[in-house]
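Please read the structure below before turning to the comments.
Here is how names work: the chains are called A, B, and so on, in the same order as the sequence lines, proteins then strands, and each is numbered from 1.
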Amino acid sequence: MTNGCGMWVRMMGFLFAAATGLVLSVSGVKPLSHATAVQKDAPSVQAKQVKDPLLPRGLDDVDTGSTFCLGCHNEKSPIDVKDNEFASRFKSNEFVLLTEGRTWKQQDPHSTASKVLGNPLGVQMAGILGYDVTKAVQCLTCHSIDKDPVAPLPNKAPDILSRFDSSEGVTCNACHGLRKPWQKEHSADKVASHGGRTIPWRTFSPEKKEELGMRNLRDPVVKAQLCASCHVGNPAEGKMISHEIYAAGHPPLPPFELATFLECQPKHWGYPLNPALKFFTDTGFQEYTGEEFAKAHANWRWELYRFHSEEKEISLVRSLAAGAVASLLAEMRMIALDAANVAKGREGGVDFARFDCYACHHDLKSPSDRQARGYGGPPGRPPIKAWVAALPGVVVDHAAGLKSFADLAKGFHPKWEAVQKASLARPFGKPDELEKSASELAAWCEEFLKRLQDDADPIYTKLESARLLAAIGEAATSKLWTADPEATMHLTWAYVTLRRHSMIDIPPDKLEALKKTIPIQVRAEPFTTDGLTPRTVGGTLRQRLDAFRLYDPKHFSKAFRDVIGDSSLPRK
Amino acid sequence: LSSSLTVRAAILAVVFLTGLGLSRLSSAVVKVDVHQKGIVGGAKIDGLEKSRFAQLSSASCAAAACHGGSHFGEVGSEFTTWAPDLLLDSPLDPHAKAYRVLFNARSQAIVRALNIPEAHKESLCLKCHAVEEMQSGHAISEGVGCGACHGPAEKWLPEHTQARWKSRSNREKEELGFLPLSNLVTRSLTCAGCHVGNADREVNHDLIAAGHPRLAFEYTSFHFRPDYRQHWRERTPQPDFEVRAWVCGQAATLRAATELLHQRAERAAANDPKAVWPEFSGYSCFSCHQKIGAENLQQGTSPTKRQAGVPGWELWSSTAAKVAAELSEVAYPGVHKPDLHELDALQKLMGKPIPIPKTIAAQAKRAVAELDLWLSELHAAEECKKDYRMPADAPRQFVRELTRNALSKDLLKLANLDWDALNVNFLGCTAMYHAAGGYRTHPEWSAPLSDLRDALKFPPGFNGPAGFGATERERVRKQFEELHKLTKRPGETP
């Protein structure tokens, strides 16, 4: 029965995909031999996303490699415009850095994402899992580029996961857009506009760029959801890490905090604070686009590039908020889908990987901190990951004080509590209750992100950002979260990143003391050891896991309070 | 060969006769409140059935002329030896203080976490910490009193003071509600009723997370616990006693654990709102309760193939039990090596992340029936144990087999990396060491066993093998290998 049903869903998926030209060849939908090990009844998402302009229209429509991009974006920094005709004509170096490819290749671990699958840990994992991790679709969806992202996992044939390009890992196009039209169009120098001062691409609206296939990563919500699709998961794209994969040796995914991840990624982007990018100043913009155009687009920063000047809004904070809620959304979607499949009769239960790792993975002690702390439900049931709700909780409570979010904010806590209740109703949750509550919270997250995306007015002014910072600090040291190292680490990352970004100094000794109790960032410089290849995450991972071994709520709280100190932050 | 045949015939005869006794019994008495039939293969195993008779207070046993004498540890002073108050300077027998502990701080914390008002009034607790049936009287405070193990005395108390009692068979005594604990199968099944659990008693993961100690029953090590005041003398000489106690203990523990799984699965399959599924307490604690360290990501694998990331079910009660099964015929000449393929099938099903209750209930039932066949043979053999001694080098054979069980075929790896699995193999070896006469007989076993004990020990302050990693595992492997080599008989295949 289940099999027949699965076949039917697969057929439907095939018809949809074929109808929209998503599937590149018949061989592209051959069910994989190990498909049973993964999601069988992934819902047919194509229907919903049929009109997504970012989705490739066919094989010819896709370019996954970085070669084309590196033609321009592989300069040494700083570039000498005299040597670069294109840059000297259009002052490209005042619009983008032009060093993006080099930074990515030499410093950014995204470029080694495929290569690492072949390292000793990958070999060990393959031995335990019984399949070749360098070829398995469930690995390559994140570690490489998926040319058909919305195909359900069982329908993903290895050849839609670019094999040749996979040596490059997660390339430019994986994030910026797979389709060729935008790649060609955005460098169309021959059609310089605005009196020859700039090329038309730069003044296209985000919608128009998206029409051509470029993902608008300048939009915090778009960015947050894209990053979260791998760094948390995205069931619709077959990106779901399982406990089996963890148990085989996959490093634990760190809690995803967008602002911190952005700060810890070797930056191949530069705006809006980078003074070298003169295009993004009022005078620069007018100079490039002409007085008339600039006048017609008074709100050009938001309209075209989705940011406000730093005096009006600290743009990183909107990313922080979007990242927090997008992570929660991603996790809820994974729980809802897994629970739905179980409720429908799939063998097993909601995957262990959806639950708080450290609820089980701790040493047993006597006397026990957990027993002293007490339990949210019956003792000894693993709750779902707490970190996914810790930062959103703070963001929402803060947003409750903002007019445009006040009504929506009320819905968060009851919905989160319902998910928690369902997860504790029996070990690893009651599937039907989990499906319902997680879907409701996911819908709430979608609504929140939509508002965050659509609100053209500055939200996170300096004052509001400072208030949010203070609230994050309070949450990190509150009893609600201190027992959970993942939640406190997530809040710490948000706090430290935001505070550094807000230029409110943290005394170095206090920061050092905090660092001894919890990792304060996901990754730290140097990003490269030999100047040519990115430093692997191994060292940082060891540090993070060791810190978790030694985590002590009391020591952490003290060190964190010292960091907050008398930074005299405004409070409501 | 012919002597072994004779033995087999004798055992079959016992099985047959007890079967006759049973059929007589079942036609005469209408049974009430029978939780488990305890009847297998035509034989009856004492210790599995909830009695239909009334419990009496331990005071009825404590007359000075009966079991309340004043010679600690002597025959006639059983109650005195067991009783809580008479020897204040010596540690209390854990059974005698079982009820009292329900008032201590730990119990208070447990009931708080579980939202139970009072432990000493809670049936969940009293089922094992006292003789629950006596709740209406003062006798509840005796804790695990005489009747809890020896059987409710309503009918057998007057009878057992008569001279004719001694000439009665165990079967006849059992009919009166008396549990003949000299039969090690009956005894270990009785212990397992609380120390593992049964149809209406269990320590589940909720209770453990609230603070109740984990149940990790291993009969021989419990038997020789220093705080356990033995109020009887074993009549079976060593090595027979301890080897057989170990075999029966393994079989009974595994049987109880499998039946507990069966009960839990039945409840979950019936959608009992109180049913907890999956029930973690049936899995190896430290499968999950280990920290995720960087070194854990690359810790290597054991040759035992199972799905990554699924905790091991009942490694505690099943790992060494397989050796007990393998060598049953050494411990009891003439007993068949049991076929445990239903158990293997159950273990395979339990190797899935969240097994399906209905499937498990059915398979566990089959596995219990299979184990009962084994136990009924052991039970019958125990009835005539005096007549059949085991070979003097039986302990060596067991250590040889236990260490083989702990290691991969080439001895270069551990067969299972799990602490529970390693520890039960170790405890089995220790039982055999003591059975054989300890240091006097096998001084060469002492060093590897001591090192195994130290390597497997929990660090101070921990309730688990914190930090038990590759180095410790290698140390354990080396010592198992050493013991394996030490117990090789000249000419034996490696």
Which bit of [X] is near chain A, if near means a heavy-atom gap under 4.5 Å: side chain, backbone, both or neither?
X: I208(B); answer: backbone
X: P355(B); answer: neither
X: P311(B); answer: side chain
X: A210(B); answer: both

Options A466(B), S287(B), G467(B), ranked by heavy-atom pairs under 4.5 Å with chain A, top entry: A466(B)
Among W277(B), F286(B), F458(B), residue most engaged with chain A (heavy-atom pairs, under 4.5 Å): W277(B)
Backbone N/O of A421(B) and side chain of N425(B): donor-acceptor pair under 3.5 Å: yes
Under 3.5 Å: donor-acceptor pair, side chain of D338(A), backbone of D351(A): yes
Part of F548(A) within contact of chain B (heavy atom distance under 4.5 Å): backbone
Greater than 12 external heavy atoms within 6.0 Å of K239(A)'s NZ: yes
SB check K352(B) E347(A) (cutoff 4.0 Å): yes
N-O pairing of E202(B) and R267(B) below 4.0 Å: yes
Criterion salt bridge (charged side-chain N to carboxylate O under 4.0 Å, His left out) on D227(B) and R225(B), from CA distance to verdict: CA-CA 6 Å; D227(B) 59 343; R225(B) 268 175 67 144; 3.0 Å; yes
Contact leader toward chain B among R426(A), K365(A), H361(A), where contacts are heavy-atom pairs under 4.5 Å: H361(A)
